J.: 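The structure under discussion is supplied below as structure tokens; questions concerning it will follow.
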Amino acid sequence: MSGIILFDGECNFCNKSVQFIIKRDPHAYFKFASLQSDIGQKLLIEYGVREDVDSLVLLEGKTYYVKSTAALKICKNLSGFWQAGKYFLFLPERWRNMVYDMIAKNRYRFFGRSSHCLLPTPEVRKRFL
């Protein structure tokens with residue numbers, strides 16, 4: 001089993017986050033696709049996620065997670081102390097999403113937009129859908 005992470009391909013912060021996850025995902029559990037891609041749009045429909053979602057999306061099994069829940073569930077498959085992030089799931093989702101939404105709302109202003117993609121190594125390229 002593996003997870004699929006859908007991310008905003010135009011967001012520098014999101015692209016850096018994908019690179020961060022790849023470096024800390026020792027078992028290559030995650031695959032990636034941008035929300036804007038054809039496969040990303042197809043997966044949103046397949047999983048019943050609103051097409052206008054502007055958030056990190058984690059697809060696992062037949063379930064999807066968005067916003068802070070997706071981010072914290074990703075942590076459980078990362079190496080090192082990052083796994084401890086999963087313990088923040090006990091906090092009320094509303095509180096977690098307030099922080100997530102504050103960062104997400106300002107991500108372009110803080111981190112900018114990207115008009116080009118990272119050129120991954122052939123091994124990492126296999127992890128992108």
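Each residue takes its place number in the sequence, starting with 1. If you're wondering where the values come from, they're calculated on a predicted model, not measured in any experiment.
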J.: Any side-chain heavy-atom pair from E46 and L59 closer than 4.5 angstrom?
T.: no
J.: With sequence neighbours left out, what residues match K73 under salt bridge (charged side-chain N to carboxylate O under 4.0 Å, His left out)?
T.: none
J.: Looking at residues at least two apart in the chain, or sitting in another chain, which of them share a ring-ring contact (aromatic ring centres under 6.0 Å, His included) with W82?
T.: F20
J.: When rounded to the nearest 0.5 angstrom, what is the spacing between CD in Q83 and CG in L78?
T.: 7.5 Å
J.: Find the distance between CD1 (I21) and SG (C75) and round it off to the nearest 0.5 Å.
T.: 8.0 Å
J.: Only counting residues at least two apart or in another chain, list the ones meeting ring-ring contact (aromatic ring centres under 6.0 Å, His included) with Y47.
T.: none
J.: According to side chain to side chain contact (heavy atoms under 4.5 Å, CB included), who are the partners of N97, at least two apart in sequence or on a separate chain?
T.: K67, S68, E93, Y100, D101
J.: Side-chain polar contacts of residues 28-43 - donor-acceptor pairs under 3.5 angstrom, sequence neighbours left out - could you list them?
T.:
from : atom 1 : to  : atom 2 : distance (Å)
Y29  : OH     : E60 : OE2    : 2.6
S34  : OG     : S37 : N      : 3.1
Q36  : OE1    : G9  : N      : 2.9
Q36  : NE2    : D8  : OD1    : 2.7
S37  : OG     : S34 : O      : 2.8
S37  : OG     : G40 : N      : 2.9
Q41  : NE2    : L35 : O      : 2.6

J.: CG/L91 to CE/M98 distance, rounded to the nearest 0.5 angstrom?
T.: 11.5 Å
J.: If you group Ile, Leu, Val, Met, Phe, Trp and Tyr by side-chain heavy-atom gaps below 4.5 Å, do I74 and F128 land in one group?
T.: yes
J.: Partners of A70 by side chain to side chain contact (heavy atoms under 4.5 Å, CB included), sequence neighbours excluded?
T.: L56, L58, Y65
J.: Would F90 end up clustered with L72 when hydrophobic side chains under 4.5 Å apart are linked, directly or stepwise?
T.: yes
